[in-house]
2 protein chains.
Amino acid sequence: MGVKERRAREKEQLRQQILSAARELFVNEGYENVSMRKIANKIEYSPTTIYLYFADKADLLDSVCKETLLNLLNTLEHLKSDISDPVETLGKSGRAYIEFGLNYPQDYKLTFVIRPQYQKGLGLDEGSVGEKVFDYLREMVSECIQQGIFHQTDVETTSQVMWSAVHGVTLLLIDFPDFPWTEKDKLIDTVIHTTIKGLKA
Amino acid sequence: MGVKERRAREKEQLRQQILSAARELFVNEGYENVSMRKIANKIEYSPTTIYLYFADKADLLDSVCKETLLNLLNTLEHLKSDISDPVETLGKSGRAYIEFGLNYPQDYKLTFVIRPQYQKGLGLDEGSVGEKVFDYLREMVSECIQQGIFHQTDVETTSQVMWSAVHGVTLLLIDFPDFPWTEKDKLIDTVIHTTIKGLKA
DNA sequence: GTGTTATACTTAACAGTGTTAAGTTAAATG
DNA sequence: CATTTAACTTAACACTGTTAAGTATAACAC
């Protein structure tokens, strides 16, 4: 009875093929400039085949973004090691978040800007990968509060402030590359340190 | 010789008509979901007429965004009155900026997110309205630094940090309306106060 | 091994898109 | 009144996302 399993494996393989073709095109040419036909051409299948694996173009985007969030989460999890200095860890996490966005600017925009436009149901639902990323942030912040380093006792608000700061600078740097920014690393560091300092007791 | 002037006036009138029809549709239905034909229908002209007034759809978006930036600038200029307490003014300006974004979320996104995607030449060029908005921010910050309230002496970096914070929270609130945000006003205030506190000497 | 069913995929089509080239109408000029 | 010029429209091109119907092939039951 290995037939069904082999078939399922083959199906999954093609699904992944579609997904990675889509990601590559989305990233290189922009979501709006990628047609289902282009994706189909790339994988050498007819356009309609894609619809056997994904509901529509937005669903394809959705799946690509889910992967991106998993990558982001993975990147962040690697930093969680030392709880001794939670502020340092929070700062490093913030930097890692921003750098993730700058290393994969198109993926970041797809996930945090383009997708919300097409998927009103956001994708930060309970149990989602997006929620896990924010949970990670909550944990970091919670540690800082528990150790009495932060003056605010509200984990939620504090986390959201932190997210605002890193999200803001990431998007600005991506969207306005020609703006006369301060030296990039300096700006990033200042954003993080300013926010953390502002949160301290 | 008033003929030419009347003609010019009529042309300008139609240009404005197209522009406001475009804005209304962009805002209500989203840039991607608005076709040139829809705009044309609304103003009861043929689709190609639009091309006599605007180079293409992106140019139309560009013009709409310029108006938005003018509105934003105007909103901010009204707060510049009292220089006695520059930190207070900066805080109020930050709040006004965020509230502008939340009051006209679609306009804000068009200007600061959608447009950069289509117009690689950004629109914060020298002499542009966008630059004037940032100049306003620079002035506020500069005042705070000159009075020795802020510890950083770098106006640029400090302004950019401020911009990151307000831009970040604005976009997050717009893009993820279903996220379990802290009470909105509290979040906004905390973002502003945290950033300002972090910048203080 | 043959007939049947289910699976995977494709072809053709619909209604729509941004944009251009060519054509038309009406107004202003000489 | 004739001619030029400006404003606008019609028709078309090559493309879009998506659906319905059709086709081949592989797996199954007997």
Side-chain angles (χ1 to χ4, degrees), chain A residues 1-19 21-26 28-65 110 114-115 117-120, chain B residues 1-19 21-26 28-65 110 114-115 117-120:
Chain A
M1 254 306 156
V3 170
K4 259 194 172 167
E5 283 139 28
R6 193 206 57 200
R7 289 262 224 169
R9 216 164 47 229
E10 281 172 1
K11 271 210 90 161
E12 184 52 31
Q13 222 163 31
L14 180 47
R15 211 193 99 99
Q16 277 304 325
Q17 227 182 109
I18 296 172
L19 216 54
R23 146 159 278 124
E24 200 179 317
L25 288 170
F26 286 166
N28 289 331
E29 320 203 358
Y31 180 71
E32 295 304 331
N33 302 316
V34 174
S35 68
M36 297 303 255
R37 286 165 177 85
K38 263 190 200 165
I39 301 171
N41 268 343
K42 202 176 171 73
I43 56 169
E44 298 181 287
Y45 279 81
S46 96
T48 50
T49 299
I50 300 172
Y51 289 90
L52 301 171
Y53 294 81
F54 298 93
D56 49 26
K57 201 185 166 188
D59 184 31
L60 207 41
L61 171 62
D62 228 61
S63 302
V64 167
C65 292
L110 283 174
I114 309 290
R115 188 168 83 145
Q117 224 142 29
Y118 293 86
Q119 190 81 12
K120 282 285 163 196
Chain B
M1 252 306 159
V3 171
K4 258 194 173 167
E5 284 138 28
R6 192 206 58 201
R7 290 260 226 169
R9 218 164 44 229
E10 280 172 2
K11 270 210 90 161
E12 184 53 30
Q13 220 163 30
L14 180 48
R15 212 193 99 100
Q16 277 304 325
Q17 227 182 108
I18 296 172
L19 216 54
R23 147 158 276 127
E24 199 178 317
L25 287 169
F26 286 165
N28 289 331
E29 321 201 0
Y31 180 70
E32 295 305 330
N33 302 316
V34 174
S35 68
M36 297 304 255
R37 287 165 177 84
K38 264 191 200 166
I39 301 171
N41 267 343
K42 201 175 172 73
I43 57 169
E44 298 182 286
Y45 278 81
S46 96
T48 51
T49 299
I50 300 173
Y51 289 89
L52 301 172
Y53 294 81
F54 299 92
D56 49 27
K57 202 183 166 190
D59 184 30
L60 207 39
L61 171 63
D62 227 60
S63 303
V64 167
C65 292
L110 283 174
I114 310 289
R115 189 169 82 144
Q117 224 141 29
Y118 293 86
Q119 190 81 13
K120 281 286 164 198

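Just so we're on the same page: letters track the sequence lines, and every chain starts at 1. Just so you know, these numbers use all the heavy atoms, side chains as well, and skip hydrogens, waters and symmetry mates.
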Rounded to whole angstroms, how far apart are [atom1] on [X] and [atom2] on [N]?
X     : N      : atom1 : atom2 : value
B/K11 : D/dC8  : NZ    : C1'   : 11 Å
B/D56 : C/dT19 : CG    : P     : 5 Å
A/L14 : C/dT7  : CG    : P     : 17 Å
A/Y51 : C/dT11 : OH    : P     : 16 Å
A/I18 : C/dA8  : CD1   : P     : 12 Å
A/I39 : D/dG17 : CD1   : P     : 8 Å
A/F26 : D/dG17 : CZ    : C1'   : 12 Å
B/R15 : D/dC8  : CZ    : P     : 14 Å

Looking at every strand, decide which applies to [X] at a 4.0 Å heavy-atom threshold: base, sugar-phosphate, or nothing.
X     : value
B/Y53 : sugar-phosphate
A/T49 : base
A/S46 : base

- What is the distance from atom CZ of B/R15 to atom CD1 of B/I50, rounded to the nearest 0.5 Å?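 So the CZ of B/R15 and the CD1 of B/I50 are separated by 12.5 Å.
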- Roughly how far, to the nearest 0.5 Å, is NZ of A/K38 from CD1 of A/I43? 15.0 Å
- Out of C/dT20, C/dG18, D/dA20, which nucleotide sits closest to the side chain of A/T48? D/dA20
- Side-chain donor or acceptor of A/R37 under 3.5 Å from a matching atom on the base of D/dG17?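 Indeed there is one.
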- Message: Between B/R115 and B/D62, does the side chain to side chain contact (heavy atoms under 4.5 Å, CB included) criterion hold? Intermediate values first, please.
- Response: CA-CA 7 Å; B/R115 189 169 82 144; B/D62 227 60; 3.2 Å; yes
- Using the ring of B/Y31 (Phe, Tyr or Trp, six-membered ring only), decide whether B/K57 places NZ or CZ under 6.0 Å from its centre and within 45 degrees of its axis. yes
